[in-house]
Amino acid sequence: MSTRYEYKAIETKWRKKWQENPINKENDTKPKYYCLDMFPYPSGSGLHVGHWRGYVLSDAWSRYKILQGYQVMHPMGWDAFGLPAENDAIKKGIHPEIGTAKNVANFKRQLTEISAVYDWDLEINTTDPAYYKWTQWIFVQMFKQGLAYEKRMPINWCPDCKTGLANEEATSGTCERCGAVVTKKMLRQWMLKITAYGERLLKDLDQLEWPEKVKKMQADWIGKSYGAEIDFKIADTDKQIKVFTTRPDTLYGATFMVLAPEHEMVHEITTEEQRSEVEKYVHLASTKSSVDRMTSKEKTGVFTGVYGINPLNGAKLPIYLSDYVLADYGTGAIMCVPAHDERDFEFATKFGISIVQVIKKTGEELKPLTEAYTEEGVMVNSGPFDDMKSTEAKETIASYLQEHDIGQKTVNYKLRDWVFSRQRYWGEPIPIIHCDTCGAVPVPEAELPVKLPDVESYQPTGTGESPLADIKEWVHVPCPTCGKPAKRETNTMPQWAGSSWYFLRYADPHNQDELVSKEKAEKWLPVDMYVGGIEHAVLHLLYARFYTKFLYDIGVVNFEEPFVRLFNQGMINKNGVKMSKSKGNVVSPDQLVERYGCDSLRMYELFVGPPEIDSEWDDSGIDGVFRFMNKVWKLIAEHKDRPVPVTRELERIRHKMIYEITSRLNNVSMNTVVSGFMESTNRLIDLARSGNGLDKETMETLIILLAPFTPHMAEELWEALGHKESVFLQKWPEYDADKMQEDTIEIAVQINGKLRANLQIGAQEAQEEVLNKAKQIVGDKLEGKTIVKEIYVAGRIVNLVVK
RNA sequence: GCGGAUGUGGCGGAACUGGCAGACGCGCUAGACUUAGGAUCUAGUGUCCAUGACGUGCAGGUUCGAUUCCUGUCAUCCGCACCA
């Protein structure tokens, strides 16, 4: 065995061996473990060292689980539908399928360089008809359950390009391509009723081992709030308007009302005198992009000419329109209490509307308000509810309204239904046929998948429809129900569709008859560990949870939550900013693998910083890890043929090493795992140098512990120690806490909290003895002082408090 | 604006439930071996008016003792953004 660490030869050798003889073979006697990466979108620019980070982490974790005796599933696949491929098609005329296949091949080559234990037999691709057959099947089931429905909805529309835009193409309110101001266009869209699952999606967050931050982001997104819906009669008519409020306690303080400009009753209630003003305002609001609407904080509005009647005190409340009220939250209409809401206060001040205070600070006199009082307090000016605590009044007034049939207590969510159709080519066709007689009819399941046909042009049609609408022979089909001429749905699904359930398919990727078989699903699912970026904290994870709950409800799977444990790795930055092709700061792993080897890069990816935090990439840092690898190599090479019998000291280092590595690994504190290896190795080198040698078991333990991180080197060293079987067939070593104990320990001696000496003591030495020794060692510094207090923290510190 | 996170040497970072701040690594300095060094090895490396003092964004507090707990404050980053 050479004392030089020839990483290239070693890595080539073991990659081949693993291919011939996988280390993670199917074995039903072992418990299962499913460790999943968020599957990538195979972009044209390939992987950089930032991508590696998550993949290395999940692979090290998978290999750790293998060593712990699990049968691990660690699959990989491609989320390959999406905009960039389509835009390439438009620009260069390359079929998205071809572009995507090329990118997948490149990604796969780069991923192979990581040497992860991926089982490529399980590979999936969302653009494969055999896969999207089931994406479509799920849609059909949702349609049958009434969860998929059609609705006219506004989309971002570029009037110059005559095309719909995704939100990310329309940031800042202008078209990403041509710079024109983005407007809205009403289009018929498919919607998924995710709101029907809002409560369950919120409640079940409790049972997940996810970062609190992500759970909170999801909870905020769902945005549950309690309140009341209250009916306000419109004066001199028999109409009424329903408002939602979380503050029924402030009802007596309502002095006006506001409707969203898009509110459906605007036109029927507006008076003739006000009509032209109102219509002008409504039009203005519709042309403003949502970004504009958000950024201009100045309140605007217009009076409709009519009044609402406060159901409790009969006060006449002028009804305004204003864009600070959102059409799709609550009922799109609010009662306004300027005294107790900042926005209402601002609006009332600007429009000269009176302000009536109905809550005052407990124990204080009522005094004129200079700003809205939004805290709790005591009720005033509220008829029978005066002197009640406002918190109590909230409940009491809501109940009163309910009893008198003026309103009802409700729960409201920010979560909205999911716009599920895209006017694009490169997505799964929505498997629906529109028939004049039968309406929307799902494509019969036996005819799935509805394959994406070839088109001549990927250009947007200019009408807002997808390019598919131009393929007459594809669009025109008989109605599956009545046989009359009918038309296919030409919208496609969003990229989310394929990624909302892919984790199920890995368990049974080649099944042609079922999405996943019962047995396979029961065996492998749910996912035990899910690793990916924080950018998916809300949408992807929420959609995947929604899909899983739906599939649970229709009996496809027997669990409600797809991901038991979630780990979000941080990004890798370079020069303080996210690595990206456009910033020109991308570090490619390819050259690093060439120069340092896969194992060194794996190790460095983990060493670079705490895995959950963003880290700065430092090119020279990998040298340190590479040196460490060489040290380990040399250490084993020099001692493998002349191991010494184990000594107390070697045993101590070995147990301590197992303990440190295992506990840090369990906390997914990968950077300290790596430093732990360095510490242990340094100690072993020192010990070996001082003539004490190295015993076989310590060498073996070090190699097994290293295996999840530097698999090639570990295998090679393991073989060099004379073993015939893979190191991954070994068991993760266990430590004995007693054997970690040092015989003597060094403790600090402080006087008044300041370090004054260090003291060697026996590990078991009694407190009294330690204190005596401590006083002796700092004796000269105690002269002329009296000891007021003596503190001994076992094994750590003595502090003498003196005067 | 609201919510969350973070702030420690020249740099990345470590420090378990309060107990010797700066582990580990990068970089740097000096030396050894060398024709050579982007190799390897050895020693050193928080700051300063250096037997000591000061040091974990800043100002206080609790404690024998605070990077860790509490109060206030500043900065940076992330998420949400008129949610009634």
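Chain A is the first sequence line, chain B the second, and so forth, proteins listed ahead of strands; every chain is numbered from 1.
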Integer angstrom distance from the [atom1] of [N] to that of [M]:
N      : M      : atom1 : answer
G27(B) : G10(B) : C1'   : 8 Å
C82(B) : A14(B) : C1'   : 45 Å
G57(B) : A75(B) : C1'   : 7 Å
U68(B) : U17(B) : P     : 14 Å
G13(B) : A23(B) : P     : 15 Å
U6(B)  : A50(B) : C1'   : 35 Å
G46(B) : C24(B) : P     : 12 Å
C70(B) : U76(B) : P     : 24 Å

N/O to N/O distances under 3.5 Å, protein versus nucleotides 22-26 of chain B:
| from | atom 1 | to | atom 2 | distance (Å) |
| --- | --- | --- | --- | --- |
| A23(B) | O2' | Glu679(A) | OE1 | 3.1 |
| G25(B) | OP1 | Asn682(A) | ND2 | 3.2 |
| C26(B) | OP1 | Arg627(A) | NH1 | 2.3 |
| C26(B) | O2' | Ser620(A) | OG | 3.0 |

With under 30° as parallel and over 60° as perpendicular, where do the rings of Trp633(A) and Tyr5(A) fit, or are they tilted in between?
tilted
Whether Phe303(A) and Tyr320(A) hold their rings parallel, tilted or perpendicular, with breakpoints at 30° and 60°
tilted
Heavy-atom pair of closest approach, residues Val802(A) and Asn752(A):
N-OD1, 2.9 Å
For a quick test of reading the model, state the closest non-hydrogen atom pair linking Thr681(A) to Leu702(A) and the distance between them.
OG1-CD1, 4.3 Å
Among all residues two or more places apart in sequence or in another chain, which pass the salt bridge (charged side-chain N to carboxylate O under 4.0 Å, His left out) test with Asp623(A)?
none
Could you tell me the separation between the [atom1] atom of [X] and the [atom2] atom of [N], rounded to a whole number of Å?
X         : N      : atom1 : atom2 : value
Lys578(A) : C78(B) : NZ    : P     : 11 Å
Asp686(A) : U42(B) : CG    : P     : 8 Å
Asn752(A) : C20(B) : CG    : C1'   : 16 Å
Asn667(A) : C16(B) : CG    : C1'   : 9 Å
Trp617(A) : G27(B) : CH2   : P     : 15 Å
Ile613(A) : U76(B) : CD1   : C1'   : 13 Å
Met740(A) : C16(B) : CE    : P     : 16 Å
Asp249(A) : A84(B) : CG    : C1'   : 12 Å

Where along residues 794-803 of chain A does a heavy atom fall under 4.0 Å from RNA chain B?
Arg796(A), Ile797(A), Asn799(A), Val801(A)
Quick one: which of [options] gets closest to the side chain of [X]?
X         : options                : value
Lys216(A) : G13(B), C82(B), G4(B)  : G4(B)
Arg689(A) : C41(B), C20(B), C64(B) : C41(B)
Ile791(A) : A14(B), C20(B), G19(B) : G19(B)

Aromatic ring proximity, centroids under 6.0 angstrom, Phe351(A) and Phe256(A)
no
Is the ring centre of Tyr604(A) less than 6.0 Å from the ring centre of Tyr596(A)?
no
For [X] and [Y], does a side-chain donor sit closer than 3.5 Å to a side-chain acceptor?
X         : Y         : value
Thr195(A) : Asp417(A) : yes
Tyr324(A) : Asp344(A) : yes
Tyr735(A) : Glu660(A) : no

Between Lys215(A) and Glu212(A), is there a salt bridge with N-O shorter than 4.0 Å?
yes
Could Asp619(A) and Lys574(A) be called an ion pair, given the rule that one side-chain N must be under 4.0 Å from one carboxylate O?
yes
Specify the glycosidic conformation (syn or anti) of G13(B), with syn defined as within 90° of 0.
anti
Would a distance-only check, ignoring hydrogens and angles, find a side-chain to backbone donor-acceptor pair under 3.5 Å from Asp249(A) to Ile397(A)?
no
Please determine whether a side-chain nitrogen or oxygen atom of Tyr329(A) lies at a distance below 4.0 Å from atom OP1 or OP2 of A84(B).
yes
Between C64(B) and Lys789(A), is there an OP1 or OP2 to side-chain N/O distance shorter than 4.0 Å?
yes
Nearest-nucleotide wise, let me know which of Met217(A) and Asn412(A) is further upstream toward the 5' end of RNA chain B.
Met217(A)
Anything under 3.5 Å between a donor and an acceptor, one on a side chain of residues 607-616 of chain A, the other on a protein residue two or more places apart or in another chain? List them.
| from | atom 1 | to | atom 2 | distance (Å) |
| --- | --- | --- | --- | --- |
| Asp614(A) | OD1 | Met571(A) | N | 2.8 |
| Ser615(A) | OG | Arg53(A) | NH2 | 3.0 |
| Glu616(A) | OE1 | Gly576(A) | N | 2.9 |
| Glu616(A) | OE2 | Asn575(A) | N | 2.7 |

Paired stretches of RNA chain B - 3 or more consecutive Watson-Crick or G-U pairs, each distance under 3.5 Å
B:1-7 with B:74-80, B:10-12 with B:24-26, B:27-32 with B:40-45, B:46-48 with B:52-54, B:57-61 with B:69-73
Got a sec: does the NZ of Lys409(A) have more than 12 other heavy atoms crowding it under 6.0 Å?
yes
Just to be sure I understand the rule, does Val337(A) reach a base, reach only the sugar-phosphate, or reach nothing, if contact means heavy atoms closer than 4.0 Å?
nothing
Considering every strand and a 4.0 Å limit on heavy-atom distances, what is the contact class for Glu790(A): base, sugar-phosphate, or nothing?
nothing
Would you say the base of C78(B) and the side-chain of Lys213(A) have a donor-acceptor pair closer than 3.5 Å?
no
Atom pairs under 3.5 Å: protein N/O with N/O of nucleotides 51-54 of chain B:
| from | atom 1 | to | atom 2 | distance (Å) |
| --- | --- | --- | --- | --- |
| A53(B) | OP1 | Arg756(A) | NH2 | 3.4 |
| C54(B) | OP2 | Lys754(A) | NZ | 3.2 |

Is there a side chain to side chain contact (heavy atoms under 4.5 Å, CB included) between Arg545(A) and Leu208(A) once you walk through the steps?
CA-CA 11 Å; Arg545(A) 295 180 61 221; Leu208(A) 301 176; 4.0 Å; yes
